[in-house]
Amino acid sequence: MQDLYQNLHQLINFRHTLTNEPRPMDFHQHQDQYEIYFFLTGDVHYFIEKQVYHLQYGDLLIMHSNELHRPNFQSKKQRYENCVIHFNPALLANLNSSQFDLLHCFNNRKFGEQNRMRLNPQQIDDFLKIFERMELYTRPQALPGSDILFVAAFTELLVFINRIFLNQGKQDDQVMIPDKLSSLFTYIDENLDQDLSLEVLEHVVFMNRSYLCRLFKKHTGSTIHEHILFKRINKAKQLLREGSTVTDTCQLAGFNDYSNFIRTFKKAVGLPPRQYQAQQRRG
């Protein structure tokens, strides 16, 4: 437990954000990090894997480390406010009980589904009170023992979220993605090592490529190319962590040109593939 308190704010990082000019965000994931996202204000369609959620005040999103996501802001100038917590799930090993799994809502659902919980007014108030206490315990003038109370409040928050998840059941009214795009996401995920050009994809979903690109941009805020590139980079990272050679990784992740793979991977990750793999082994 001492390791927890020595690295507390690396293991549990939280922030409250308010801006009138939100900056566009790319597709992203958080390696070894889970995310809790609480929405307060703005006009945002939030993309997670194969679904888009039109957010309203008090919506709570949960994402584990492998779920691709990004907010799609519907206007460049708007009041955008949220509370976000990123945490390392490994720290909960000593906090779970035999009766209650604090990671249940993250791990025991289908990939890319049931990410949103729609809170009622009382639940919104309860969430904000816990979050405010967490903020209080991290202030410079916080009293001795506040680090312990911070962990206690965070644990309380996870119990609170899991209880909502267990009681709400599956919400069927949250999907905004057209069936054609859902089919496209599935095809891309299952064929990352194949040709995913627009010429191929338009035949997969029986849709003109120009219209397909516009539809994809409208619902995700990004391009098909950007989405595929991110998925392939993420696949490459996974393969390298699992011990694949750089050459095999290049092919299995759908990069047919070795030099282009090395260049693209380094630009996206910050390290060339071989160095990334060595770093993961040391870590």
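Legend: residues meeting side chain to side chain contact (heavy atoms under 4.5 Å, CB included) with Q10, ordered by chain and number and at least two apart, are N7. With sequence neighbours excluded, the residues forming a side chain to side chain contact (heavy atoms under 4.5 Å, CB included) with C250 are F255, Y258, F261, listed by chain and number. Applying the side chain to side chain contact (heavy atoms under 4.5 Å, CB included) test to D179 and every residue at least two apart in sequence or in another chain returns nothing. For N234, the side-chain hydrogen bond (donor to acceptor under 3.5 Å, both in side chains) partners two or more places apart in sequence, or in a different chain, are Q29. With sequence neighbours excluded, no residue satisfies salt bridge (charged side-chain N to carboxylate O under 4.0 Å, His left out) with R70. Remark: R79 engages E81 in a salt bridge (charged side-chain N to carboxylate O under 4.0 Å, His left out) (not counting sequence neighbours). For D257, the side-chain hydrogen bond (donor to acceptor under 3.5 Å, both in side chains) test picks out no residue, with sequence neighbours left out. Remark: S183 engages no residue in a side-chain hydrogen bond (donor to acceptor under 3.5 Å, both in side chains) (not counting sequence neighbours). The ring-ring contact (aromatic ring centres under 6.0 Å, His included) check on H219 picks up nothing, with sequence neighbours excluded.
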Could you tabulate the donor-acceptor pairs under 3.5 Å formed by side-chain atoms of residues 141-149, not counting sequence neighbours?
| unit_1 | atom_1 | unit_2 | atom_2 | d |
| --- | --- | --- | --- | --- |
| S146 | OG | L143 | N | 3.3 |
| S146 | OG | L143 | O | 2.6 |

Show every donor-acceptor pair shorter than 3.5 Å between a side-chain atom in residues 264-273 and any protein atom, with sequence neighbours excluded, or say none if there are none.
| unit_1 | atom_1 | unit_2 | atom_2 | d |
| --- | --- | --- | --- | --- |
| T264 | OG1 | N260 | O | 2.7 |
| T264 | OG1 | N260 | OD1 | 3.3 |

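Outside the 6.0 Å centre-distance limit, the rings of F131 and F38 are not counted as a close aromatic pair. Taking the six-membered ring for Trp, F185 and F216 have ring centres closer than 6.0 Å. Less than 6.0 angstrom separates the ring centroid of H9 from the ring centroid of F150. Between F160 and F165, the gap from one ring centroid to the other reaches at least 6.0 Å. In this structure, H86 has its ring center no closer than 6.0 Å to that of F14. Ring pair H69/H30: centre-to-centre distance below 6.0 Å.
Residue pairs that meet the salt bridge (Lys or Arg N to Asp or Glu O under 4.0 Å) test with at least one member in residues 207-223, sequence neighbours left out, are E202-R209.
Classification of K231 and E226 as a salt-bridged pair fails, no side-chain N sitting under 4.0 Å from a carboxylate O.
Ring geometry, F87 versus F154: the interplanar angle exceeds 60°, so the pair is classed perpendicular (tilted spans 30 to 60°).
Y187 and D189 share no side-chain donor-acceptor pair at under 3.5 Å.
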